[in-house]
Amino acid sequence: MPRTPSSVRDRARKIKLLLLDLDGVLTDGGIVIDGTGDEFKRFDVRDGHGIRLLQRAGIRLGIISGRAAKAARHRARDLDVELFFQGVDDKLAVYEKIKRMTKLTDQEIAYVGDDMVDLPVLRRVGLAVAIADGWQDLKQHVHYTTRLAGGRGAVREVIELLLKSQNKWKEVTAKYYRS
Ligand SMILES: [Mg+2]
């Protein structure tokens, strides 16, 4: 695996809040709709565990999703997501609201997105991340593009990057190495 550039690790070191888009980031972007109109989404259990590790390390977490779906709310509740916004038309407005709520600066926030609706926020944050199989043009506007796909470990990859850059990885995973 190629080494992550030091400029990316320098940015990752400052991050106190990780913000995620949902569809195409925590999922592969697919939405399954049944005959009654109920929506189904597929999440990755290793992304979920990564989120636990992130929380254990004291890094805050938020989701800003354009769509509103019950499945998304359930998953956010499962994972104790602190800042959860869905049905969002203007992601930048929500981003500014989160900044006011948390009193964090752009440099302390990372955002992961997969499509053009994420661009306004990606252009602001200290660490902007695009998804490997997302909208291709997004990659020229970010600091880092994941190697893994949306809903297939991309979020876990970003979390590992944050925790390793901040020297927190060993501490939050130590219990799994004890014999
Ligand atoms: Mg998306």
Side-chain angles (χ1 to χ4, degrees), residues 8 11-12 15 17-34 37-52 54-55 59-99 101-102 104 106 108-162:
V8 172
R11 289 178 176 279
I15 300 304
L17 168 66
L18 174 62
L19 293 176
L20 306 170
D21 169 38
L22 193 136
D23 291 292
V25 172
L26 279 164
T27 76
D28 65 5
I31 298 162
V32 181
I33 302 176
D34 74 5
D38 278 342
E39 282 191 16
F40 297 83
K41 295 178 194 287
R42 178 195 173 282
F43 294 92
D44 185 297
V45 77
R46 284 188 292 273
D47 283 346
H49 187 236
I51 285 170
R52 291 296 179 207
L54 187 84
Q55 290 162 334
I59 297 175
R60 300 171 75 176
L61 177 72
I63 290 174
I64 307 177
S65 178
R67 291 182 63 83
K70 269 191 279 178
R73 178 164 299 286
H74 280 290
R75 187 59 175 154
R77 212 172 280 158
D78 262 2
L79 295 171
D80 300 310
V81 176
E82 180 194 349
L83 301 157
F84 179 68
F85 296 88
Q86 64 170 348
V88 174
D89 273 338
D90 183 348
K91 291 196 178 196
L92 191 57
V94 170
Y95 174 72
E96 294 295 346
K97 182 176 167 181
I98 288 173
K99 267 177 57 181
M101 286 166 63
T102 59
L104 293 172
D106 292 327
E108 294 170 322
I109 303 175
Y111 183 83
V112 187
D114 74 311
D115 206 350
M116 56 181 76
V117 293
D118 302 304
L119 194 51
V121 179
L122 286 168
R123 289 166 64 93
R124 293 290 183 87
V125 291
L127 178 63
V129 180
I131 294 289
D133 61 338
W135 179 47
Q136 290 302 302
D137 288 5
L138 205 55
K139 294 174 185 175
Q140 67 200 53
H141 299 282
V142 298
H143 306 110
Y144 182 77
T145 299
T146 63
R147 298 176 182 108
L148 297 174
R152 300 274 176 185
V155 169
R156 172 67 167 264
E157 179 184 333
V158 175
I159 289 171
E160 290 195 22
L161 167 67
L162 292 178

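It should be emphasised that the depicted structure is a prediction, and the values quoted were computed from it without experimental measurement. Atoms within a ligand are numbered from 1 in the order they appear, just like the ligands themselves.
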Donor-acceptor pairs under 3.5 Å, side chain of residues 27-34 to any protein atom, not counting sequence neighbours: which ones?
| unit_1 | atom_1 | unit_2 | atom_2 | d |
| --- | --- | --- | --- | --- |
| Thr27 | OG1 | Gly24 | N | 3.1 |
| Thr27 | OG1 | Gly29 | N | 3.0 |
| Asp28 | OD1 | Gly30 | N | 2.7 |
| Asp34 | OD1 | Thr36 | N | 2.9 |
| Asp34 | OD1 | Thr36 | OG1 | 2.8 |
| Asp34 | OD1 | Gly37 | N | 3.1 |
| Asp34 | OD1 | Asp38 | N | 2.9 |
| Asp34 | OD2 | Thr36 | OG1 | 3.4 |

Side-chain touch Phe85/Ile98, heavy atoms, less than 4.5 angstrom: yes
Short N-O contact, Asp47 and Arg152, less than 4.0 angstrom: no
Protein N, O or S within less than 2.8 Å of the Mg ion (ligand 1), waters excluded: Asp21 OD2, Asp23 O, Asp114 OD1
Residues Asp90 and Tyr95: side-chain donor-acceptor under 3.5 angstrom: no
Gap between atom CG of Leu54 and atom CD1 of Ile59 - 0.5 Å precision: 5.0 Å
Carboxylate-amine/guanidinium proximity below 4.0 Å for Asp23 and Lys41: yes
